[in-house]
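Here's the structure, in structure tokens; my notes come after.
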Amino acid sequence: MQDQATLPQADAGTHIPAGVHAETVTEVQHYTDRLFRFRITRPPAFRFRSGEFVMIGLPNAERPVYRAYSIASPSWDEEIEFYSIKVPDGPLTEHLQRIRPGDTLLMRKKSTGTLVLDALLPGKRVYMFSTGTGIAPFASLIRDPETYEKFDEVILTHTCREVAELAYGQELVKNLMEDPLVGELARGRLRHYPTVTREPFPVMGRITDLMASGRLFADLGVPPIGPGEDRGMICGSMAMLRDTRDMLEGYGLIEGSNAQPGSFVVERAFVD
Ligand code: A2P
């Protein structure tokens, strides 16, 4: 495969394979001992749709390990942002968690994914359901003006085990509201609904349970989800995707794709 063919070594220990972008890390921020975000330079020719993912790796081996990462920055941003978990002994993340500004990151040239606005039919309200690092594609979408052109209301739910794991999302929403461009679109229309399952927090519980009990809708002051007005996007663990998908289907929503837009879309959070 093209991306695994290696060029002559740039310097000892660094292999830049052909056919991938070699970008520079510009910023790294650690939130907990398990979570961090980082930003890289953006190749001028690289285009993507907000919500898509791309394969990234490190130039630390002749055959680099690549993993799919949702792009967390919006498509207009001049840099690319990622939000990552640190997996003990994870083939990529055990090295990735040690990157610093100035380091090189490899990114394959083509982004893809189903968690995109094009795969959703028009509606009044879009729910973005996330757990853990599954918030990453929504970090891109809630900063994209197109989201607010397509929907009147944007509801971002984020469920984590512990309170500290909410920090990235809380910072994201706070910064967004203060943003001169997108902040104006988002104010009063973006609702952030964080919940925690294993520590005391104002809203506790899995999002699926909070929907089943009606608490989510009562807290937001909206009617229960229905296929006429509501659209959904889901990103989290396999179990969370399955259970949330089942609930949305129970409300009468139909899964969409790029080829056939529907009333909800699903993407798994690609981490290991
Ligand atoms: P819980 O603490 O009850 O397992 P994980 O780190 O396992 O991916 O979990 C992240 C968050 O997603 C946790 O708050 C977890 O709740 C929640 N979660 C895990 N599985 C599901 C599921 N099947 N449906 C909804 N939420 C889930």
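We count ligands from 1, going down the list as the structure has it; atoms in each ligand are counted the same way. Just so it is clear, the values below take in all heavy atoms, side chains as well, and ignore hydrogens, waters and symmetry mates.
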Q) Would a distance-only check, ignoring hydrogens and angles, find a side-chain to backbone donor-acceptor pair under 3.5 Å from Thr93 to Val87? A) yes

Q. Donor-acceptor pair, Arg231 side chain versus Leu121 backbone, under 3.5 Å?
A. yes

Q. Under a 4.0 Å heavy-atom limit, does Asp243 contact ligand 1 with its side chain, its backbone, both, or neither?
A. side chain

Q: Record the part of Arg198 in heavy-atom contact with ligand 1 below 4.0 Å; permitted values are side chain, backbone, both and neither.
A: side chain

Q.
For atom 6 (O) of ligand 1, which of the options Met247, Arg242, Arg161, Glu199 provides the nearest non-hydrogen atom?
A. Arg161

Nearest protein heavy-atom contact for [atom]: which residue, which atom, what distance?
atom                    : result
atom 3 (O) of ligand 1  : Arg206 NE, 2.9 Å
atom 13 (C) of ligand 1 : Thr197 OG1, 3.6 Å
atom 8 (O) of ligand 1  : Ser237 CB, 3.9 Å
atom 10 (C) of ligand 1 : Thr131 CB, 4.0 Å
atom 25 (C) of ligand 1 : Thr208 OG1, 3.5 Å

Q: Decide whether a cation-pi geometry holds between Arg108 and Tyr66; the criteria are a distance under 6.0 Å from NZ or CZ to the six-membered ring centre and an angle within 45° of the ring axis.
A: yes

Q | Sub-4.0 Å heavy-atom approach of Ile207 to ligand 1 | A | no

Q: Describe, in one word, how the ring planes of Phe46 and His21 are oriented to each other, choosing from parallel (under 30°), tilted (30 to 60°) and perpendicular (over 60°).
A: perpendicular

Q) Under 30°, 30 to 60°, or over 60°: which ring-plane class applies to His30 and Phe36, parallel, tilted or perpendicular? A) parallel

Q) Is Gly132 close to ligand 1, meaning an N/O of one under 3.5 Å from an N/O of the other? A) no

Q) Just distances here: any N/O of Cys160 and N/O of ligand 1 closer than 3.5 Å? A) yes

Q) Which ligand 1 atoms does Thr159 reach within 4.0 Å, using its non-hydrogen atoms? A) 11 (C), 14 (O)

(Q) A quick test of your reading: do over 12 heavy atoms of other residues, nucleotides or ligands sit less than 6.0 Å from CD of Glu184? (A) no

(Q) So, using side-chain hydrogen bond (donor to acceptor under 3.5 Å, both in side chains) as the criterion, who are the partners of Glu94 when residues are at least two apart? (A) none

Q: Report the C-alpha distance between Tyr251 and Asp230 in whole Å, list the side-chain angles of each, state the deciding distance to 0.1 Å, and finish with yes or no for side-chain contact (heavy atoms from CB on, under 4.5 Å).
A: CA-CA 10 Å; Tyr251 292 126; Asp230 296 308; over 6 Å; no

